[in-house]
K.L.:
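Input: one structure, supplied below.
Atoms within a ligand are numbered from 1 in the order they appear, just like the ligands themselves. FYI, side chains are in, hydrogens and waters are out, and symmetry mates aren't considered; it's all heavy atoms of this structure. Since the model is a prediction, treat every value here as computed from it, not as a measurement. Positions are given from 1 along the sequence.
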Amino acid sequence: MLEILYPGWELPGPSGLDTASLKKLWRVRRSSLEIHDQSGVWRFREILPEIPIEQIITIKEGNTPVYELPHCAKSAGVDQLFAKHQGMNPTGSFKDTGMTVAASFARQAGYRWVACASTGNTSASMAAYAARGGLHSLVLIPDGKISWSKLSQSLDYGAITCQLKTDFDGCVRVLNEVVQRMPVYLLNSVNPYRVEGQKTVAFELLEQFNWEPPDHVIVPGGNLANSSAIGKALREMKQLGFISHLPKISVIQAEGANPLVRTIRETGGEKLVPVQAETMATAIRIGNPASWKKALRVIRESEGTVEQVTEIEIALAKGEIGAEGIGCEPASAVTLAGLKKLVKQGFVKASERVVLILTGHALKDAEFTLKFHRGDLFVGTPLESQSKVLQSQQRAPLVLEPRVDAVIDLVRAAEDSRKKD
Ligand code: F0G
């Protein structure tokens, strides 16, 4: 796997600038009228590969918000909890930050076609950036195993979209052959330019924390590129003198798609344990993650950990994040579910500052949310009896006759039950 390094940083720093000048420059660019300054990725261009400005494909990605989650903090058992919401990117997921760099590189290098295998978000993002940059795009997705809204995005943005009768890992295998035989540029997360763009989330987060590292950063784990990118960013920030120590980076996987957890627990990180992945959090339904070695290094270097969470725990956490008026897709909610476990184990202390990386927007998987609130998510599955714990979060839509009294009676009943609470 390729990784981009920057020998020019040795002295006197990126673009010959010290940390104080860079911090100032990056902040000032937020009020600039230049298009590449308005991107939350390209405003950090001193720490990115050099790409001529006229080749840059941007949809004004990055610059995503940090939200405090007071109710989730209480439910997890910490005093203060923050979410860095990467679902607030233009196509609704963190993939845009990496895609702007890798798609721009593809254009600069003269490619006409780009391609990816995806669980839905990479494909949505790639299709959008290809369309903006005048490139053709090819998407391979597992048939029936991604959310409809993600599939609809890649259709809308004009990609050739193939639903293969296999899982994500099978799509990767097919695509790896295709790119050997045709001049198609591979935009899966093994692409080192994507990792560079995805680094910026950590620079931006630290800027939002006034360059005081939080104690913990918690990331969902699928193909494990995002945790690798965040780790690389923090390592570089330490090297450059932006921060003096790393936050602990912990990776959370779904119990049914837990190759990294098993690799660490069963082989001490020596050898990947691939799994046949199964989870309703389809974005992270990945059994053979490409970037496992990089993620392992990040966890070790930062003294973080790995944890796995059940389908019920994911659904409950997603409901809780939604009830804060924020919302996210199921794969992102593993972070809160994992945090609860890490607090119980004493790995995260109540007084520590924790940031969850929310990777996808709530509308990315509206079907999951509807099934959750209607109480249908686990019907007919072995988990049905355990799913009662979700009832406190469920708000099914109510079908009524079109009468004023019927509506008023409902509101009064709701008010009475609140008072009792
Ligand atoms: N969260 C969401 C919403 C994702 O879409 C993904 C990955 C992840 C977390 C995991 O990130 O792979 O870097 O560990 N989605 C990819 C895709 C695989 O094709 O959209 P990772």
Side-chain angles (χ1 to χ4, degrees), residues 1 83-89 91-99 102 115-128 139-142 145-147 149-151 153-154 159 161 164 167-172 175 186-191 194-195 197-199 201 218-232 249-254 257-261 277 279-296 298-299 306 309 314 318 321 327-336 338 356-365 368:
M1 287 244 271
K84 171 75 172 158
H85 207 325
Q86 292 297 86
M88 300 299 177
N89 270 294
T91 76
S93 84
F94 73 102
K95 306 288 181 178
D96 295 342
T97 55
M99 206 54 76
C116 71
S118 179
T119 55
N121 280 326
T122 300
S123 45
S125 181
M126 182 190 74
V139 162
L140 303 189
I141 48 173
K145 295 292 182 184
I146 76 163
S147 86
S149 36
K150 296 177 189 177
L151 172 60
Q153 282 182 289
S154 74
T161 305
L164 302 194
D167 55 11
F168 170 81
D169 302 293
C171 291
V172 171
L175 187 62
L186 182 67
L187 283 182
N188 269 23
S189 60
V190 291
N191 182 303
R194 282 206 32 215
V195 172
Q198 282 177 212
K199 269 181 357 190
V201 62
I218 305 198
V219 192
N223 218 13
L224 300 171
N226 201 28
S227 36
S228 309
I230 291 171
K232 183 172 193 280
I249 303 169
S250 296
V251 177
I252 314 296
Q253 296 195 300
N258 61 353
L260 184 68
V261 175
T279 170
M280 286 185 196
T282 51
I284 51 172
R285 191 171 176 273
I286 295 174
N288 193 12
S291 299
W292 70 275
K293 279 192 183 155
K294 288 188 186 176
L296 188 67
V298 168
I299 292 167
V306 280
V309 292
I314 296 171
K318 189 184 123 47
I321 296 169
C328 65
E329 67 165 283
S332 309
V334 301
T335 54
L336 176 62
L356 309 179
I357 306 291
L358 300 184
T359 44
H361 195 279
L363 293 177
K364 282 283 192 176
D365 199 346
F368 182 103

K.L.:
Starting at OG of S149, measure out to CG of L363 and round the result to the nearest 0.5 Å.
P.N.:
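These two atoms lie 7.5 Å from each other.
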K.L.:
Can you name the residues that form a side-chain contact (heavy atoms from CB on, under 4.5 Å) with A124, not counting sequence neighbours?
P.N.:
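For A124 the side-chain contact (heavy atoms from CB on, under 4.5 Å) partners, ignoring immediate neighbours, are Q153, K364.
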K.L.:
Please identify which of these residues, H361, K95, E329, meets the side chain to side chain donor-acceptor pair (under 3.5 Å) condition with N121.
P.N.:
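It is E329; the other options fail the test.
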K.L.:
Under a 3.5 Å distance rule, please check whether Q86 uses its side chain to pair with a backbone N or O of V201 as donor and acceptor.
P.N.:
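Looks like no, no N/O pair under 3.5 Å.
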K.L.:
Show the numbers, then the answer: is there a side chain to side chain donor-acceptor pair (under 3.5 Å) between T161 and S154?
P.N.:
CA-CA 7 Å; T161 305; S154 74; 3.2 Å; yes
K.L.:
As a test of reading the model: which N/O atoms of the protein lie under 3.5 Å from N/O atoms of ligand 1, and at what distance?
P.N.:
residue  : atom   : partner : partner atom : Å
ligand 1 : 1 (N)  : T359    : OG1          : 2.7
ligand 1 : 5 (O)  : N121    : ND2          : 2.8
ligand 1 : 12 (O) : N223    : N            : 2.7
ligand 1 : 13 (O) : A225    : N            : 3.1
ligand 1 : 13 (O) : N226    : N            : 2.8
ligand 1 : 14 (O) : G222    : N            : 2.8
ligand 1 : 14 (O) : N223    : N            : 3.3
ligand 1 : 14 (O) : L224    : N            : 2.7
ligand 1 : 15 (N) : K95     : NZ           : 2.9
ligand 1 : 15 (N) : T119    : OG1          : 3.4
ligand 1 : 19 (O) : S118    : OG           : 2.7
ligand 1 : 19 (O) : T119    : N            : 2.8
ligand 1 : 19 (O) : T119    : OG1          : 3.4
ligand 1 : 19 (O) : T122    : OG1          : 3.1
ligand 1 : 20 (O) : S118    : OG           : 3.3
ligand 1 : 20 (O) : T119    : OG1          : 3.4
ligand 1 : 20 (O) : N121    : N            : 3.1
ligand 1 : 20 (O) : T122    : N            : 2.8
ligand 1 : 20 (O) : T122    : OG1          : 3.1

K.L.:
Rounded at 0.5 Å granularity, tell me how far CD1 in I284 sits from CD1 in I314.
P.N.:
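Interatomic distance, I284 CD1 to I314 CD1, rounded to 0.5 Å: 5.5 Å.
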